[in-house]
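Because only heavy atoms are used, hydrogens play no part in the values below, and waters and symmetry mates are left out as well, while side chains stay in. Below, chains carry the letters A, B, ... as their sequence lines are ordered, and counting in each starts from 1.
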Amino acid sequence: MIMKKETPGQNPPDLTVAIGGLVLKNPVMTASGTFGYGEEYVPYCDLNRLGAVVVKGLSLEPRLGNPPPRIIETPSGMLNAVGLQNVGVRAFLSEKLPFLRRYDVAVIANIFGETVDQYRRVAHILSGAAGIHALELNISCPNVKKGGVAFGARPEAAAEVTANVRAETDLPLIVKLTPNVADIAEIALAVEEAGADGVSLINTLTGMSVDIEKRIPHLANVTGGLSGPAIKPVALRMVWQVVHAVKIPVIGIGGIMTAADALEFLIAGARAIQVGTANFVRPSATMEIIDGISDYLTRHGLGSIDKLIGSLNTNPSNGD
Amino acid sequence: MIMKKETPGQNPPDLTVAIGGLVLKNPVMTASGTFGYGEEYVPYCDLNRLGAVVVKGLSLEPRLGNPPPRIIETPSGMLNAVGLQNVGVRAFLSEKLPFLRRYDVAVIANIFGETVDQYRRVAHILSGAAGIHALELNISCPNVKKGGVAFGARPEAAAEVTANVRAETDLPLIVKLTPNVADIAEIALAVEEAGADGVSLINTLTGMSVDIEKRIPHLANVTGGLSGPAIKPVALRMVWQVVHAVKIPVIGIGGIMTAADALEFLIAGARAIQVGTANFVRPSATMEIIDGISDYLTRHGLGSIDKLIGSLNTNPSNGD
Amino acid sequence: MPEGSSVTTGEILDNRMVARDHFLMRVFLPLSFARPLPGQFVMVRDCRLSGPLLARPLSVFGFQRRPDHSVMELLYRVAGRGTSLFSRMKPGEGLCVLGPLGRGFSIHADVKRIVVVAGGVGIAPLSFLVDEGYRQSPSLEKRELRVYLGAGTEELLTCRERLSGVCDLRICTDDGSLGYRGPVTGLLGEELHEFAAEDTAIYACGPTAMIRELGRLLRNSPLRCEVSLEERMACGVGACLGCAVAVQNAAGRREYRRVCHDGPVFDLREMIFNGS
Amino acid sequence: MPEGSSVTTGEILDNRMVARDHFLMRVFLPLSFARPLPGQFVMVRDCRLSGPLLARPLSVFGFQRRPDHSVMELLYRVAGRGTSLFSRMKPGEGLCVLGPLGRGFSIHADVKRIVVVAGGVGIAPLSFLVDEGYRQSPSLEKRELRVYLGAGTEELLTCRERLSGVCDLRICTDDGSLGYRGPVTGLLGEELHEFAAEDTAIYACGPTAMIRELGRLLRNSPLRCEVSLEERMACGVGACLGCAVAVQNAAGRREYRRVCHDGPVFDLREMIFNGS
Ligand SMILES: Cc1cc2nc3c(=O)[nH]c(=O)nc-3n(C[C@H](O)[C@H](O)[C@H](O)COP(=O)(O)OP(=O)(O)OC[C@H]3O[C@@H](n4cnc5c(N)ncnc54)[C@H](O)[C@@H]3O)c2cc1C
Ligand SMILES: Cc1cc2nc3c(=O)[nH]c(=O)nc-3n(C[C@H](O)[C@H](O)[C@H](O)COP(=O)(O)OP(=O)(O)OC[C@H]3O[C@@H](n4cnc5c(N)ncnc54)[C@H](O)[C@@H]3O)c2cc1C
Ligand SMILES: Cc1cc2nc3c(=O)[nH]c(=O)nc-3n(C[C@H](O)[C@H](O)[C@H](O)COP(=O)(O)O)c2cc1C
Ligand SMILES: Cc1cc2nc3c(=O)[nH]c(=O)nc-3n(C[C@H](O)[C@H](O)[C@H](O)COP(=O)(O)O)c2cc1C
Ligand code: FES
Ligand code: FES
């Protein structure tokens, strides 16, 4: 538990972090698909205080999504099979982005395609729009039939889609990785070489749940993506592996509910973090996490978050 | 919740299942590494009632294991990095097996090597011993430097070790798979072709946890294996995938705490299940699970467990 | 998001069983908690975070404003882990309340006859509708209010006292232990000819099978009917797209709406039922 | 596994704060629960399974057999999620108890002088040792019993009443707010010359730093010393190998023992300390 210890007269610690050319006022973002297009959380959360808002995955055309039921709770987690329902990139620009632009917050567009060409075209459309600060390439969504995870599971395919989008845009480019692979560091390296400015991980682990009374899957889609505290240890391990494999910034995602969770990722080397499922449970989770990180730095006498990032000592000579 | 509804005069349902040539009185086994060598649980649990006991992983020579701390709790799960500490296969036969042989329970030896040759030699030693009913090849332990997961991550390596052990033994041969791969069905197919009589899955997911106050990993080994309810959705999904890929029996493992959890796996197509972390939480978990499965079958008018296994309807025409 | 929704810590005043498996919880709330409309709901969880991960949606069953606080009533049936945990919560304990959420029932000024169709705990939002929408407004006193209240058996019935006296209450039980023997939609079907489309509005909430049957009953009827739907929810505010329900849009095409944000109250005519 | 260990549902009789962050819980147990030996422990959890996944190890702090039941006392410090949940449990609630577990302290007949060294909540098993092993057996009445009891500050001290009168109690606080200013091992070090190996036995429990310092103090001393160790546990019964501690075996080689099964009480001389 983090106690607030006031040190009057002291400057608040510097929380600024940079991902490629994008400078964020703090390392706390909302994860794609868990924060709508921002509007939904305005009553509970001050968007101006966030490091960035990553919007729900956008595709070239609107998508209907999967039939219900789409979610089911699991121990310390949830499965979802929303199936990337979204209004499409053009409707996003005309109907959703204007609202977000009223706030002083970096907007990161999470994008998705069924083909390399679709990724490229979505990226092209977004690059021409004012008010988009970076792109996050979702090559890791497990809940759609075509594309998505197919690109994320093999280094060659991941590199190909990254390089194609890279050629299309000058925006900072983040590639979001799937954990459903044997060696995530290999994929991270491939997208780094293909021109990514950062990687974010993890997307959801593929899971399943069965209704034993009806003997049917709990999700109409049969399988879904597991998120929430349950996956945090896996996410943290992967972040740590990728931090040691690549030079570009790593954004940690997976089961972050509290400042303590966020600090685990930052200490392990993540430059920033994203909060997903926690928004559902406590709509003010991001606010508490920002405050908690700041308090921790103050309490430990660290003037800036740079001193914390990657400070994990994996070889303590005299631990107990 | 499963309610006990007594139907007087009715025969108890038939719980017998077969894995290769091995016939078990019910599908409930204890998972390797979570039940010691059986002795530890005698005060709490009637070994005679178990389908099988899978003993702690055995290697050719005794192994010291990893330095502490070796475990840490996580949301709905735990990480362990025991590092396959064990007395070695010969001491097992002389010091531990005689105790287990006093019970009417199938004993499955979980074995582990750093080289194919070590696997082969351990299998050879065990095949000559009376009182071993099957072998479970651990090609999936993430907590050791050499061997283990290296064999489990690639289909060719998995097939090689399986074929070599197959040539050495007539005992039913189960291969235990790691979930830390992109396509577990591919590995399952490879070991089926190499002569396995069954596959068991999943072993632990590799994870990590950080002590934010000391800024050191919670485990001396840095990473460890995640087990418990947190991983159940992933385990169930993988079991379902493998059931559809291979013809040999599949044994479901991962986060099974209650009869309801076990039933999810059986309905998804697992022929049997193993109970791991639950033993720590409720030493009588296996007993409650056996009773619960039996009650469920009675309540649903299913005379034998065969009617339940694989009965999942993934295409309900008219849900809820 | 609806006007004035917030995250509030309420305090349980009491929490008692009112019928088999059914509990009534009364929650003390600060005045900052906005007045809910009938049909709106709240996402609630134990403040200690010791229960399930996600909050659970419950309809507002009653709401009273006092000089310095408000009291919200929740009527819930123990269905699984979350609600069973609620049933064990004690007075004085903290309940985290997100809300009020969603779009409630439409209240029509021109309607003379209100017909309420409730299956099981589906009475919760409807009883609040009766309270707020019709009973408490004096100008509407002369409306006719008929309530079809159904349950599996007598022991599972709730709200009888609350409703009797203020409405024409017609009880249905599947086993005939009280009132009409059979589902509410059975009795409603027999009496449907009594209602005219011009002056009647039907409001319904209950199990999916009941809603589906209602859809069948009213398929060729001009009677207006609003239903409150249930679907599993994660966020409750429209962000996760988890609570999708299939509807027919104005253009006649199938699309998904969010029960939490576009509902939970929908026009019965928009609904597309499973298997069709 | 020790004789007579079982899984039992106890009922909390009371559970109150006895010092800052420290609670004393009294648990009603059936007679089937075996009498624990000093130094043994139990694995406990909230029966509702609403807390953390794993049970938490706590030493037996007191145990009284009554005609038709037993009462077990647990003294615990709120250290994290599990113990904080315990601190909120109320009388009447069920506590799942696995135990008694482990190997307790050895009680020597030839010993005249008992020296107890307790850091913080480490007093829990030692106070029970004083109770059971020495105070209650009349033949041992004439033994000298000296207790070094340490804590960070006066407010964190527990067991003063329980111990004063029955022993020569020497209190140490890090900040000097009561008794000796400094760690227990500081005062013990100053007084170590008073003890002779033939007739003295030392028993210790406390934070790792204290145990390590004790190891240093007694490195060249012939005094016998038993320490009760703590390590994170999953099973508590010797099955998971999670609670390993490094010891030097008879052949002088490093190996791992299980705190839960081979301990929690070990001979100080066997220990290998981290970093060495
Ligand atoms: C807008 C809305 C208003 C509601 N109002 C009330 C109310 O006033 N009183 C009341 O008793 N219940 C109400 N419900 C239903 C209630 O939310 C569920 O019964 C509850 O979430 C079940 O949680 P659980 O953890 O107890 O059960 P679980 O263990 O999660 O599930 C038990 C069973 O309930 C089903 N279920 C789970 N979540 C929901 C859900 N959100 N909606 C419907 N079924 C679900 C599951 O599929 C399963 O069959 C409402 C639901 C919605 C969406
Ligand atoms: C044999 C034995 C007897 C014990 N007897 C007592 C007792 O009588 N009274 C008492 O207050 N405590 C006792 N402990 C320590 C107690 O078990 C831990 O404080 C408790 O498990 C912490 O759980 P938590 O969920 O509150 O904290 P967590 O959130 O799990 O951890 C909080 C802190 O405590 C440390 N910790 C966690 N588990 C243990 C553990 N098993 N041992 C030591 N440190 C741990 C963690 O590393 C962390 O720094 C005993 C431990 C053992 C092994
Ligand atoms: C309901 C839901 C919808 C999601 N939609 C998307 C999406 O559109 N694009 C994407 O890249 N990730 C999506 N995700 C994944 C999250 O952004 C995040 O990677 C994952 O949930 C793990 O983080 P968490 O444990 O904090 O939730 C979604 C997750 C959830 C729960
Ligand atoms: C402490 C511990 C030790 C384990 N040791 C072994 C082992 O020696 N060999 C093996 O194949 N699996 C081992 N496992 C993995 C389990 O057998 C099982 O596959 C895994 O824990 C998932 O099941 P669960 O969630 O029910 O625990 C171990 C697991 C734990 C928790
Ligand atoms: S519950 Fe999240 S959109 Fe409705
Ligand atoms: S806690 Fe499992 S062996 Fe000690």
Side-chain angles (χ1 to χ4, degrees), chain B residues 30-45 55-57 62-87 143 213 218-220 224 227-230 255 257-258 276-285 287-288, chain D residues 1-9 32 34 43-47 49-57 79-82 96-101 208 229-247 249 253-262 272-275:
Chain B
T30 58
S32 178
T34 66
F35 206 69
Y37 298 108
E39 300 172 89
E40 291 82 355
Y41 280 101
V42 164
Y44 319 108
C45 180
V55 300
K56 173 76 192 160
R63 290 177 60 101
L64 207 54
N66 289 328
R70 290 178 171 183
I71 53 175
I72 181 75
E73 188 166 333
T74 65
S76 296
M78 61 176 279
L79 289 168
N80 89 80
V82 167
L84 289 170
Q85 174 180 342
N86 79 99
V87 296
N143 297 326
E213 293 305 322
H218 268 123
L219 300 177
S227 65
M257 305 299 282
T258 62
T277 304
N279 294 306
F280 307 156
V281 182
R282 298 194 330 280
S284 56
M287 303 293 111
E288 295 161 23
Chain D
M1 58 292 149
E3 275 311 305
S5 172
S6 63
V7 186
T8 309
T9 301
S32 58
M43 296 289 289
V44 289
R45 61 178 178 79
D46 184 340
C47 282
L49 269 184
S50 60
L53 179 66
L54 302 171
R56 295 294 188 258
R81 185 155 166 250
C96 279
V97 182
L98 172 66
L101 299 168
T208 312
L229 298 182
E230 299 191 352
E231 191 47 70
R232 283 192 217 112
M233 292 185 176
C235 71
V237 302
C240 75
L241 309 182
C243 61
V245 62
V247 299
N249 68 14
R253 273 207 295 271
R254 179 190 175 92
E255 67 177 34
Y256 293 115
R257 297 268 171 80
R258 294 163 293 182
V259 170
C260 68
H261 186 267
D262 308 318
I272 302 176
F273 294 104
N274 259 355

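- At least one donor-acceptor pair under 3.5 Å links the side chain of R45(D) to the backbone N or O of V281(B).
- No donor-acceptor distance shorter than 3.5 angstrom exists from the side chain of N279(B) to the backbone of T277(B), with no hydrogens or angles considered.
- Only the side chain of P229(B) comes within contact range of chain D, judged by heavy atoms closer than 4.5 Å.
- Listed for the N66(B) side chain is a donor-acceptor partner under 3.5 Å among the backbone atoms of A81(B).
- Looking at S284(B), neither its backbone nor its side chain comes within 4.5 Å of chain D, counting heavy atoms on both sides.
- Of the atoms belonging to E255(D), heavy atoms from both backbone and side chain fall under 4.5 Å from chain B.
- Side-chain atoms of S32(B) come within 3.5 Å of backbone atoms of V55(B) as a donor-acceptor pair (strictly under, hydrogens ignored).
- With a 6.0 Å cutoff to the six-membered ring centre and a 45° limit on the axis angle, R282(B) does not count as a cation-pi contact of Y44(B).
- For a residue to count as touching a neighbouring chain, one of its non-hydrogen atoms must lie under 4.5 Å from one of that chain's; by this rule A234(D) touches chain B with backbone and side chain alike.
- With a threshold of 4.5 angstrom between heavy atoms, R253(D) does not approach chain B through any atom at all.
- Neither the backbone nor the side chain of M43(D) has a heavy atom closer than 4.5 Å to any heavy atom of chain B.
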